[in-house]
Amino acid sequence: MKIQLPALFLLLSLSLGANPGLPPIQLTPEESKPVKAEVRETGAFRELPGSGAQVNHTENTPPGMLAARTARQGVYLSWMPSEDSSRLTGGADLAGAALSPDESLLVIAEKVGGKGPNSTRLVGFNLYNDHLSTGLVLPGRRLTDMSFLADGRLLAVQEGQPDTDHPRSGLVLLDLTDPEGIHLLPLEQPPVSVAANPQFAWFTVAGEDGFTQIRLSNGTVEHFKSLVPSPRLTLTPDGKRLFLYGKGRLECYAWKNRRLELEYSQPLPGDYTPEMAYPASADGSYMVFAEPGRAAYLVGGGNARLLEARAGNTGCFFPAERKLLLGVQRNEGYAIYATPFAEAAERTVSPREVKPITRNENFRIFPRTGSEMAAILIDHRANVWQLEIRARRWEKKAVFTPGKNL
């Protein structure tokens with residue numbers, strides 16, 4: 001894989017918010033031009049004028065929160081997501097979602113243009129008041145996944161489109177408070193998986209059995225070989241362990257002597273190819289690896305144990321409660337496990353008020369911190385819900401519901 005070294009410095013500011021002692025680094029924004037091929041307009045995002053007294057998207061929001069700093073004040077915002085014709089059950093054409101580190105802003109990425117070429121529309125919800133509070137379009141950019149960094153910026157995967165002015169695949173860095181400043185780390189192959197903490201960013205690319213590490217303070221690049229074919233990446237909640245997982249194998253890397261070293265490598269059962277990973281402990285000594293529609297295994301202590309025969313496509317971990325919320329295909333429900341030594345699910349919840357509209361509709365779920373277990377759930381029809389998970393019942397509150405055609 002070839003990496004253009006000057007472009008590496010485009011990522012160096014990822015850690016500045018979390019490391020204020022670092023000197024500032026001048027970045028060269030990616031040149032932005034109008035797209036060559038016309039992107040067909042799908043869905044709709046509208047701004048309607050209103051007075052500041054009428055439209056206050058920072059209501060009940062503590063100052064300094066990302067939702068407050070990105071709010072489009074003085075205008076009403078409405079969103080009708082693009083329809084996804086590739087799904088048999090229909091729904092919205094969603095590309096990704098991310099919850100800000102301060103848990104104030106939920107951002108959803110929508111693919112605009114149907115079969116292509118595509119743009120990406122980002123819409124944001126203030127979770128302190130459930131307002132649709134911000135939105136922008138990235139013309140000619142097809143983003144396929146994204147996550148927030150510790151300093152509040154978005155790190156996203158871009159899939160190149162030859163017929164646009166953004167033909168290169170790579171990693172995109174975007175500051176929602178300054179959407180004009182978009183930076184790209186171009187790669188010869190599209191990234192498959194990305195992980196980052198305040199000090200490092202890691203990524204894998206299609207067709208390579210290994211991963212690349214970038215030290216964010218000085219741009220140092222290091223390549224690691226791996227026995228995992230086309231691996232995916234995930235970090236533990238404490239950021240101290242990095243897991244690679246793929247067909248039939250997983251590897252765990254940990255910090256030793258100030259560098260990342262292989263801690264262990266072990267096979268996974270049969271031809272199992274996990275697509276998702278969830279921690280079952282804060283330090284990653286136990287992990288859950290899942291393949292939607294197939295098995296989910298609890299891995300730890302050198303062993304792999306079947307946890308769920310038919311897993312769903314979402315899940316999350318609550319470190320304070322040490323509980324895992326794992327989607328299951330049975331009644332499109334969620335199994336709650338007391339980790340890391342659970343022999344069976346503590347309980348499986350699939351009441352009507354928690355189930356999505358149809359099967360296989362759950363898109364993303366994010367845990368929230370607080371005195372009660374709570375989560376943000378997004379389904380494939382772009383419904384956004386706040387869930388409160390209690391011992392005797394779950395409460396489901398709508399944050400956003402699109403039009404009836406979805």
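One is the number of the first residue; the rest follow in order along the sequence. Keep in mind that the numbers below use all heavy atoms, side chains included, and drop hydrogens, waters and symmetry copies.
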- Please determine if Glu388 and Lys396 form a salt bridge, counting it only when a charged side-chain N lies under 4.0 Å from a carboxylate O. no
- Query: Do NZ/NE/NH1/NH2 and the carboxylate oxygens of Asp379 and Arg364 come within less than 4.0 Å?
  - Reply: no
- Query: Once you round to the nearest 0.5 Å, how far does CG of Asp93 lie from OG of Ser82?
  - Reply: 6.0 Å
- Any chance you could measure Thr236, atom OG1, to Asn197, atom CG, to the nearest 0.5 Å? 9.5 Å
- Query: Are Gln199 and Arg215 close enough that some pair of their side-chain heavy atoms sits under 4.5 Å apart?
  - Reply: no
- Message: For Arg310, is there an ion pair with Glu291 - N to carboxylate O distance below 4.0 angstrom?
- Response: no
- Check: Asp209 main-chain N/O paired with Ser226 side-chain donor or acceptor under 3.5 Å: no
- Nearest-0.5 Å distance, CG of residue Leu122 to CG of residue Leu143: 6.5 Å
- Item | Side-chain (Tyr337) to main-chain (Leu307) donor-acceptor, under 3.5 angstrom | yes
- Note on the structure: Separation between CG (Asp178) and OG1 (Thr70), nearest 0.5 Å, reads 12.5 Å
- Note on the structure: Here the pair of heavy atoms bringing Gly140 nearest to Ser119 is N-OG, 2.9 Å
- Query: Hey, are Thr314 and Tyr334 close enough side-chain-wise for a donor-acceptor pair under 3.5 Å?
  - Reply: yes
- Going from NE2 on His183 to CG on Leu174, what distance comes out if it is rounded to the nearest 0.5 angstrom? 9.0 Å
- Message: For Pro367 versus Leu99, what's the shortest heavy-atom pair and its separation?
- Response: O-CD2, 3.9 Å
- Message: Can you confirm whether Leu173 sits close enough to Leu149 that some side-chain heavy atom of one is under 4.5 Å from a side-chain heavy atom of the other?
- Response: yes
- Item | Min side-chain heavy-atom separation Ile389-Ile336 under 4.5 Å | yes
- What is the minimum heavy-atom distance between Phe289 and Pro274, and which atoms define it? CB-CB, 3.8 Å
- Check whether any side-chain heavy atom of Phe45 sits under 4.5 Å from a side-chain heavy atom of Val137, and report yes or no. no
- Item | Salt-bridge contact Arg141-Glu159 (side-chain N to carboxylate O under 4.0 Å) | no
- Item | Phe148 to Pro101 - nearest heavy-atom pair and separation | CB-CD, 3.7 Å
- Message: Can you see whether Gln386 engages Asp130 through a side-chain donor-acceptor pair at a distance of less than 3.5 angstrom?
- Response: yes
- Check whether the ring centres of Phe317 and Tyr278 lie less than 6.0 Å apart, and answer yes or no. no
- May I ask you to test the Leu106-Ile378 pair for a side-chain heavy-atom distance under 4.5 Å? yes
- Take Tyr253 and Trp202, measure what ring-ring contact (aromatic ring centres under 6.0 Å, His included) needs, and give me the verdict at the end. CA-CA 12 Å; Tyr253 290 78; Trp202 299 271; 9.8 Å; no
- Keeping the roles fixed (side chain from Ser100, backbone from Leu105), state whether a donor-acceptor pair exists under 3.5 Å. yes
- Centroid-centroid distance, Phe211 to Phe203, less than 6.0 Å: no
- Message: Looking at every non-hydrogen atom in both residues, tell me the closest pair between Ala335 and Val328 and how far apart they are.
- Response: CB-CG1, 4.0 Å
- Message: Please tell me whether Glu110 and Trp79 have a donor and an acceptor in their side chains that are separated by less than 3.5 angstrom.
- Response: yes
